[in-house]
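Predicted, not measured: the structure shown is a model, and the values here were computed from it.
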Amino acid sequence: MKYLYYLYQLCVALPLFLVSTVITALSVSIGCLLGNGHFWGYYPGKWWSWLTLKLFLLPVKVEGREHLRSGESYVFVANHQGAFDIFLIYGHLCRNFKWMMKREIRQIPLVGMACQMSHQIFVDKSGPSKIRDTYEKARTTLSSGMSMVVFPEGARSFTGKMRPFKKGAFMLADELQLPVVPITINGSFRVMPRTKDWHFVQWSPLSMTIHAPIHPQGKGPENIQHLLNESYESVSSALKE
């Protein structure tokens with residue numbers, strides 16, 4: 001069965017994925033040029049991600065959407081197991097948001113252009129001024145009423161185990177007094193871990209648990225640490241071995 005799945009990927013899933021990626025990137029770029037960037041910056045990517053998981057025959061289970069209130073802005077923080085975290089969150093969170101992503105994605109043909117046109121937030125750590133610019137863009141995005149998704153570990157795990165969270169997302173939530181929503185992802189490390197980029201996809205069920213929002217308690221360093229600690233514990237609570 002494993003080799004049949006690999007053959008299916010080569011002959012069906014991968015070609016359709018590449019075509020859909022090109023169509024999506026062009027749709028986002030052209031749509032954002034024409035206007036309504038919030039629509040074009042989200043919905044084509046959502047449909048592309050949903051389709052990608054279907055193409056690779058990966059079952060998805062989502063719990064906890066009832067915790068989210070319509071019209072409220074959130075800072076979503078999720079563990080980062082593998083490349084398919086992107087498709088799982090984009091395709092199944094069912095919430096318009098902007099990504100906070102590493103700047104190297106800007107170099108991917110068409111995809112990088114689409115991310116830039118749709119005002120996704122590139123994290124640039126090349127110098128203090130670049131870090132400040134990243135922070136300002138994220139603050140502007142959240143202040144406008146948009147939500148944001150951050151991987152506070154900073155990068156994908158090499159082992160599947162969750163690493164310590166960095167403070168950036170929680171500092172933004174503290175400054176703007178926004179609730180933080182932890183998200184636990186399971187299964188994507190088995191599908192495509194960081195050590196096996198550009199390998200065959202391995203079949204595995206995927207699950208996403210959306211936890212109850214964590215609201216600010218005051219403002220300042222103590223609140224930042226409170227948001228970070230509570231988020232880490234919430235994400236950990238639903239992680240599978």
Side-chain angles (χ1 to χ4, degrees), residues 9 12-56 58 73 75-78 80 82-127 129-156 168-169 172 185 188 191-192 194 196-199 201:
Q9 288 182 45
V12 180
L14 184 58
L16 290 176
F17 169 73
L18 293 174
V19 170
S20 67
T21 300
V22 171
I23 292 172
T24 300
L26 291 175
S27 297
V28 171
S29 300
I30 295 169
C32 288
L33 275 176
L34 296 175
N36 197 355
H38 287 335
F39 177 89
W40 292 103
Y42 172 66
Y43 285 99
K46 169 184 168 63
W47 299 327
W48 167 68
S49 297
W50 180 88
L51 176 63
T52 298
L53 295 176
K54 290 292 185 184
L55 284 174
F56 286 96
L58 301 172
S73 180
V75 178
F76 293 98
V77 294
H80 204 2
F84 274 70
D85 297 342
I86 307 296
F87 304 120
L88 182 58
I89 293 174
Y90 221 162
H92 291 275
L93 183 57
C94 295
R95 192 81 176 194
N96 200 332
F97 64 86
K98 300 295 183 186
W99 289 101
M100 184 171 274
M101 57 179 62
K102 59 184 182 180
R103 61 174 179 161
E104 289 79 8
I105 293 176
R106 190 185 277 136
Q107 308 305 319
I108 301 174
L110 293 180
V111 172
M113 178 181 67
C115 291
Q116 188 160 353
M117 295 292 294
S118 59
H119 303 291
Q120 309 301 329
I121 302 160
F122 294 101
V123 178
D124 191 338
K125 300 178 182 177
S126 59
S129 64
K130 297 295 185 181
I131 294 172
R132 284 195 299 272
D133 287 346
T134 299
Y135 191 88
E136 285 300 317
K137 289 174 183 175
R139 181 165 59 182
T140 300
T141 296
L142 289 167
S143 298
S144 70
M146 181 65 65
S147 294
M148 184 171 65
V149 173
V150 184
F151 294 114
E153 293 169 271
R156 287 173 289 163
L172 281 167
I185 291 172
S188 69
V191 172
M192 186 176 285
R194 187 174 180 179
K196 292 191 176 181
D197 283 347
W198 309 111
H199 285 59
V201 170

* Asked: Between Ala114 and Ala25, what is the shortest heavy-atom contact and its length?
  -> CB-O, 3.6 Å
* Are the side chain of Ser27 and the backbone of Trp40 linked by a donor-acceptor contact shorter than 3.5 Å? -> no
* Structure fact -> d(Ile89 CD1, Trp99 CH2) to nearest 0.5 Å is 4.5 Å
* Roughly how far, to the nearest 0.5 Å, is CZ of Phe151 from CG of Asp85? -> 5.0 Å
* Asked: Looking at His80 and Glu153, what are the two nearest heavy atoms and their distance?
  -> N-OE1, 2.7 Å
* **Between OG on residue Ser143 and CD on residue Glu136, distance to nearest 0.5 Å** => 9.0 Å
* How far does CD1 of Ile185 sit from CG of Leu88, to the nearest 0.5 angstrom? -> 5.5 Å
* Can you tell me how far the NZ atom of Lys137 sits from the CE atom of Met148, to the nearest 0.5 Å? -> 13.5 Å
* Nearest atoms (heavy-atom pairs only) where Phe122 meets Gly112 -> CZ-O, 4.2 Å
* Check for a donor-acceptor pair, side chain of Lys46 on one end and backbone N or O of Leu93 on the other, with a separation under 3.5 Å. => no
* Asked: Would you find a donor on one side and an acceptor on the other, under 3.5 Å apart, between the side chain of Asn96 and the backbone of Tyr42?
  -> no
* Asked: Given Leu53 and His92, is the side chain to side chain contact (heavy atoms under 4.5 Å, CB included) satisfied, shown in steps?
  -> CA-CA 10 Å; Leu53 295 176; His92 291 275; 3.7 Å; yes
* Say you draw a straight line from CD of Gln120 to CZ of Phe97; how long is it, rounded to the nearest 0.5 Å? -> 7.5 Å
* To do: May I ask you to decide if Val201's main-chain N or O and Gln9's side chain share a donor-acceptor pair within less than 3.5 Å?
  => yes
* For the side chain of Ser147 and the backbone of Ser73, is there at least one donor-acceptor N/O pair under 3.5 Å apart? -> no
* Asked: How would you list, by chain and number, every residue that makes a ring-ring contact (aromatic ring centres under 6.0 Å, His included) with Tyr43, sequence neighbours excluded?
  -> Phe39, Trp47
* What pair of heavy atoms forms the shortest contact from Gly82 to Ser188, and how long is it? -> N-OG, 3.4 Å
* To do: Check whether the ring centres of Trp48 and Tyr90 lie less than 6.0 Å apart, and answer yes or no.
  => no
* Asked: What are the two closest heavy atoms between Gly41 and Ser118, and how far apart are they?
  -> CA-CB, 3.5 Å
* To do: Might you point out which heavy atoms bring His119 and Lys98 nearest each other, and give the distance in Å?
  => O-CD, 3.8 Å
* Do Thr21 and Leu110 pass the side chain to side chain contact (heavy atoms under 4.5 Å, CB included) test, and can you show the C-alpha distance, the side-chain angles, and the key distance before you say yes or no? -> CA-CA 9 Å; Thr21 300; Leu110 293 180; over 6 Å; no
* **CA sep, side-chain torsions, deciding dist, call: Leu172, Met100, side chain to side chain contact (heavy atoms under 4.5 Å, CB included)** => CA-CA 12 Å; Leu172 281 167; Met100 184 171 274; 4.3 Å; yes
